[in-house]
Amino acid sequence: MDLAIVTRGAGDRDTHPVMVNSPKVADPMKTIDDVVVTGRRVLVRVDLNVPLDESRITDDGRIRACLPTLTALLARGAAVVVCSHLGRPAGAPDPKYTLAPVAARLGELLGRPVTLAADTVGPAARSAVAGLRPGGVVMLENLRFNPGETSKDGAIRGAFADQLALLADLYVGDGFGAMHRKHASVYDVPARLPHAAGYLVRAETAALHRVTQAVQRPCAVVLGGAKVADKLPLVSNMLGIADQILVGGAMAVTFLAAQGHPVGRSLLDGDLDAARRCLDQAAEQGVEFLLPPDLAVAAGRTAGARREVVSSTAVPADRMALDIGPGAATLFVARLAAAQTVFWNGPMGVFELDAFAGGTRAVAGALAESSAFTVVGGGDTAAAVRALGFADGAFSHVSTGGGASLEYLEGKTLPGLAALAGEHVARAAAEGAIDEAAVQVPR
Ligand code: 3PG
Ligand code: MG
């Protein structure tokens, strides 16, 4: 079998000669344990952007993930105003993106009624919030029904943030999945209200800290899925941290194509030159970069498609790669068994089709078996793992953030975390835009 393995054999790396970007994590971030919430109205920004099939929630992981924060606030006698986005409506109300199914599910999980306001900051929201008592929960309608939420214009966002801030005495940021968005409810509201992080944000940042800054070795990063172009900067940054990078899914195909191998009709995404630069960087930095030696291919991406296994360096012109092959799965599982830290983002293949779920199942199984610190990153990867029957408890941490966890691993400072740490609050105060004393957390 042709081994498409790039670069050196394993060796110990306890030091990093290369510069690695590390996000300025909000260690100074206060959590809800540091603030008095009793009798206060608390605006909690969560990420309830769940996958929906019409109005049926197909994975409620993100709703479950915010329960610890919400139940703690309610138990301490706060009145809770929950807010989130859902999908990408165009800045105006759109029934297709109503949070109604999400409010209903949250009510079931909390075991208490969740009143959905018919608007975000309008009369419906104001009256629902005015009637709110300690222990009560109101959910605002989809924040992206208001163009101010996502506006690139700071003044427009700020005007919306002003109205959101009027609804509460305190702001809690717990929407980790949206922390990479410089949006009103994520970035601008904490500059206007006393603020603290929720438990999900604390857990997410602690887990990602362990895969970037407090790493136990060997450290393996497993990457798959499509959206390759989006993930190349992460590869580049993680080359300075990881001991091994294992690549499957459409991402592997892109690297194989970058090496000059034929990939048939496989899905290709991303710039081959950028992929080649990552391969060169891996070689220079002595990081083992593993591509699948074999692939499962078919003529098309359909349920009845006939599966064949081919060498990854010889995909026939009329076939497309839909999964890593059994040889690759065995190789990846062996590497993962030796790792002490693993971060995984992106399925190894089209796991929705049973014939092509083998690679993803093998990686999930290896992580589930492992005693390493294992982080499954990304809403889609988490949903894939759950769909294959793995419980969240099988991993050290299942991140609710796709883009957010990837940007964290890229070494970027996430606007939402920076805001909770108060960095931009200090800046806004220095510019005279806000009164810093007004946003200090009450003790
Ligand atoms: C996500 O699912 O990626 C987050 O909820 C953020 O949503 P967005 O990508 O539409 O900003
Ligand atoms: Mg996204």
Side-chain angles (χ1 to χ4, degrees), residues 23 44-53 57-66 69 82-94 96-99 101-103 105-106 120 139-152 157 160-161 172-189 197-198 200-201 203-205 208 223-231 233-234 269 344-347 375-387 392 398-410 412-420:
V44 190
R45 182 21 162 137
V46 287
D47 183 352
L48 302 180
N49 187 21
V50 291
L52 286 167
D53 179 6
I57 297 167
T58 54
D59 179 53
D60 65 1
R62 281 180 163 173
I63 308 179
R64 293 176 180 279
C66 68
T69 293
V82 179
C83 64
S84 174
H85 71 286
L86 175 71
R88 292 181 177 174
D94 179 344
K96 198 173 152 225
Y97 294 105
T98 176
L99 277 171
V102 175
R105 182 71 186 130
L106 178 62
T120 53
M139 185 182 288
L140 305 180
E141 194 37 293
N142 191 340
L143 291 164
R144 293 186 184 174
F145 285 179
N146 190 305
E149 170 67 359
T150 58
S151 177
K152 296 238 182 313
R157 272 203 329 272
F160 182 50
V172 169
D174 211 25
F176 181 75
M179 284 294 177
H180 59 315
R181 302 292 182 215
K182 196 173 179 178
H183 291 169
S185 65
V186 177
Y187 182 74
D188 303 277
V189 179
L200 176 63
V201 161
E204 295 269 14
T205 50
L208 294 175
L223 295 172
K227 296 196 199 160
V228 182
D230 288 359
K231 294 181 195 169
L234 175 153
D269 175 36
W344 174 29
N345 176 283
V375 178
V376 177
D380 297 346
T381 315
V385 161
R386 289 185 196 115
D392 285 20
V398 178
S399 177
T400 56
S405 64
L406 295 178
E407 289 198 16
Y408 188 106
L409 264 62
E410 262 177 58
K412 287 193 183 159
T413 297
L414 308 188
L417 294 183
L420 286 175

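Counting starts at 1 for both ligands and their atoms, following the listed order.
Close approach to R181 involves these atoms of ligand 1, each under 4.0 Å from a residue heavy atom: 8 (P), 9 (O), 11 (O). Those atoms of ligand 1 with a heavy atom of R144 less than 4.0 angstrom away are 7 (O), 8 (P), 10 (O), 11 (O). For ligand 1, the atoms lying closer than 4.0 Å to a non-hydrogen atom of D47 are 4 (C), 5 (O).
Checked against side chain to side chain contact (heavy atoms under 4.5 Å, CB included), A382 has the following partners two or more places apart in sequence or in another chain: R386, V398. For N345, the side chain to side chain donor-acceptor pair (under 3.5 Å) partners are K231, not counting sequence neighbours.
Proximity annotation for atom 3 (O) of ligand 1: of H183, H85, M179, R62, R62 comes nearest, heavy atoms only. Comparing heavy-atom distances from atom 4 (C) of ligand 1 across G177, G401, G87 singles out G177 as nearest.
Of all the heavy atoms in K182 and Y187, the pair that sits closest is CE-CE2, 3.3 Å.
Ligand 1 has a nitrogen or oxygen under 3.5 angstrom from a nitrogen or oxygen of N49.
For the residue pair R45 and H85, a side-chain donor N or O sits within less than 3.5 Å of a side-chain acceptor on the partner. For the residue pair E204/T400, the side-chain donor-acceptor check at 3.5 Å is satisfied.
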